[in-house]
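Structure record follows, encoded as structure tokens.
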Amino acid sequence: MLISSSSGVWLQTADGRQILDAGGGAIVTNIGHGRPEIAQVASQALERLDYVVPVFATEARVALAEEVSDNWLPDPSWRSVFVSGGSESVDAAIRVAQLHHVACGRSERHKVIGRDVSYHGATLGALSAGLHDRRRKGLEQALLSMPKTSHYDAEELEKVIELEGPDTISAFIGEPVIGAAAGAYVPPDDYWPRISEICARHNILVIADEVMTGFGRLGTTMGHEALKFTPDIIAAGKGLGGGYVPIGGVYCRPDVVAPIAETDLALMFYTFAGHDLCCAVAKKVLEIVREENLIDRARTMGDILRGRLEQEFQDHPNVEEVRGRGLLQGLGLVADRDTGEPFPRSAGFADAVSGIALENGVWVYPSGSGVFDDAVMFGPPFIVEEDQIDQMVTTTRHAIDEAVAALS
Ligand SMILES: Cc1ncc(COP(=O)(O)O)c(C=O)c1O
């Protein structure tokens, strides 16, 4: 399939078909496709400046850092470093945590605790910190060994810390709502506050991987707000550039980076980190989200989407659960809802559902791994309308039924 243009919530193929972007690409296109003012900002940025090595400031870099700290981070004093995507932001966040402890004279703190169902990106470091079994397959031996704890039981973290030795751990990393690995799984209400408490007691930095949940997606400014905790470091990407440019970032409290600045240690930059064009566009994307009240809209349309999914699938024999927060919603797909029996992995069920939905004009994001194997996710642009929500839900139901029929 050749995609030739995009506008609003729609992708157009070269042969004239329209595809409803219910997955927002890979949960990326927060403000929707084809905004002409973004193209204008991009063109002006390139006329002004092209490549500038990341150690120099540029107007667009400074402006984006101010936009983010003034409007999106837990406190305006937080510091930002921009990178080119989510995996890079996670790798950089892990490096910041490690350098922080080394700068504080605790070089024995080198381990990062991740979770038993999680996805943090495709670099070797990010794959090691996460546990998405399908995406690690064939690479396990090349990955670093990093301890894992439960995605739902915060108390297990205490046991893992004891086992590993608190003095060996630099950071804990987790997604506020688990995206690709679990199809929008939301942990119990007390999970994140309890994780924060345990980490603070052991001087372990909490890294929130907000690559998918950041910048309004959950109907709150950042995802950690919806889950009622404040991390020490945030890694984020995707919605920051809204799909118009590849950009991510690492954000942290000033006291996390201050000790590093007092040593000869440094966070090595990626060559294209904070590209001026990407920063200029990302700033415009965030302004649009704020000025058009799109966070409120993500919350309102998220509620409507959730209601429609519950109505359509509450008795469906192959939907175990409707889950998610804001405009990040998912369906857990199983062979038998009553017993919870999964589809055989060889069936590639979520991919089959997504393929059939696509043939019928809707892109839904196939996801899931481990105990959450087989899920689909909805993460449309925040500008989505009610009739489009209806179309994505109806088409997905048809796709699930057809995929089940094809199996039997
Ligand atoms: C939570 C999370 N972290 C990190 C990543 C990696 O981001 P990227 O694919 O932009 O490198 C993803 C991508 O899906 C993600 O969902």
Side-chain angles (χ1 to χ4, degrees), residues 23-30 81-95 97 112 114-136 139 143 146 148 151 171-187 192 206-218 222-224 226-227 231 233-251 270 272-275 278 282 285 324-330 350 354 363-370 372 375-379:
I27 325 289
V28 174
T29 60
N30 290 6
V81 174
F82 297 109
V83 297
S84 303
S87 306
E88 284 189 2
S89 73
V90 165
D91 265 34
I94 291 173
R95 286 189 286 136
V112 176
R115 300 194 295 171
D116 53 5
V117 181
S118 50
Y119 181 65
H120 298 300
T123 58
L124 295 179
L127 275 177
S128 304
L131 216 177
H132 187 308
D133 55 359
R134 291 168 182 267
R135 293 182 182 178
R136 286 164 54 114
L139 299 169
L143 300 180
M146 294 196 189
K148 300 288 183 291
H151 62 279
F172 169 91
I173 184 166
E175 303 150 76
V177 170
I178 307 174
Y185 171 81
V186 185
W192 274 108
V206 174
I207 303 172
D209 178 351
E210 296 243 26
V211 170
M212 212 175 252
T213 58
F215 299 105
R217 175 57 58 188
L218 302 190
M222 297 296 275
H224 62 85
L227 278 288
I233 303 176
I234 297 172
K238 294 194 188 263
L240 170 61
Y244 290 86
V245 285
I247 186 165
V250 185
Y251 314 96
Y270 305 105
F272 294 111
H275 193 286
C278 300
V285 167
R325 195 58 76 81
L327 266 184
L328 183 63
Q329 297 286 332
S354 173
W363 164 246
V364 288
Y365 196 55
S367 47
S369 68
F372 292 98
V376 287
M377 273 196 298
F378 302 85

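First listed ligand is number 1; within each ligand, the first listed atom is number 1. Small disclaimer: the values here were computed from a predicted structure and weren't measured. In this chain, residues are counted from 1 in sequence order.
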(message) I want to know whether F82 and H275 have ring centres closer than 6.0 Å.
(response) no
(request) Please confirm whether the backbone N or O of A122 pairs with a side-chain atom of S87, one donor and one acceptor, at under 3.5 Å? (result) yes
(message) When you measure from the centre of the six-membered ring of Y270, is the NZ or CZ of R95 closer than 6.0 Å and no more than 45° off the axis?
(response) yes
(request) Return the set of residues passing side chain to side chain donor-acceptor pair (under 3.5 Å) with T213 (not counting sequence neighbours), or none when no residue passes. (result) E210
Find all protein N or O atoms under 3.5 angstrom from an N or O atom of ligand 1 and list the pairs with distances, or write 'none'.
| residue | atom | partner | partner atom | Å |
| --- | --- | --- | --- | --- |
| ligand 1 | 3 (N) | D209 | OD1 | 3.2 |
| ligand 1 | 3 (N) | D209 | OD2 | 2.7 |
| ligand 1 | 7 (O) | S87 | N | 3.4 |
| ligand 1 | 10 (O) | G86 | N | 2.9 |
| ligand 1 | 11 (O) | S87 | N | 2.7 |
| ligand 1 | 11 (O) | S87 | OG | 2.5 |
| ligand 1 | 14 (O) | K238 | NZ | 2.9 |

(request) Measure from the side-chain N and O atoms of R115 to the backbone N and O of L131, and report whether any donor-acceptor pair falls under 3.5 Å. (result) no
(request) Determine the interplanar angle of the Y185 and F372 rings, folded into 0 to 90°, and report it as parallel if under 30°, tilted if 30 to 60°, perpendicular if over 60°. (result) tilted
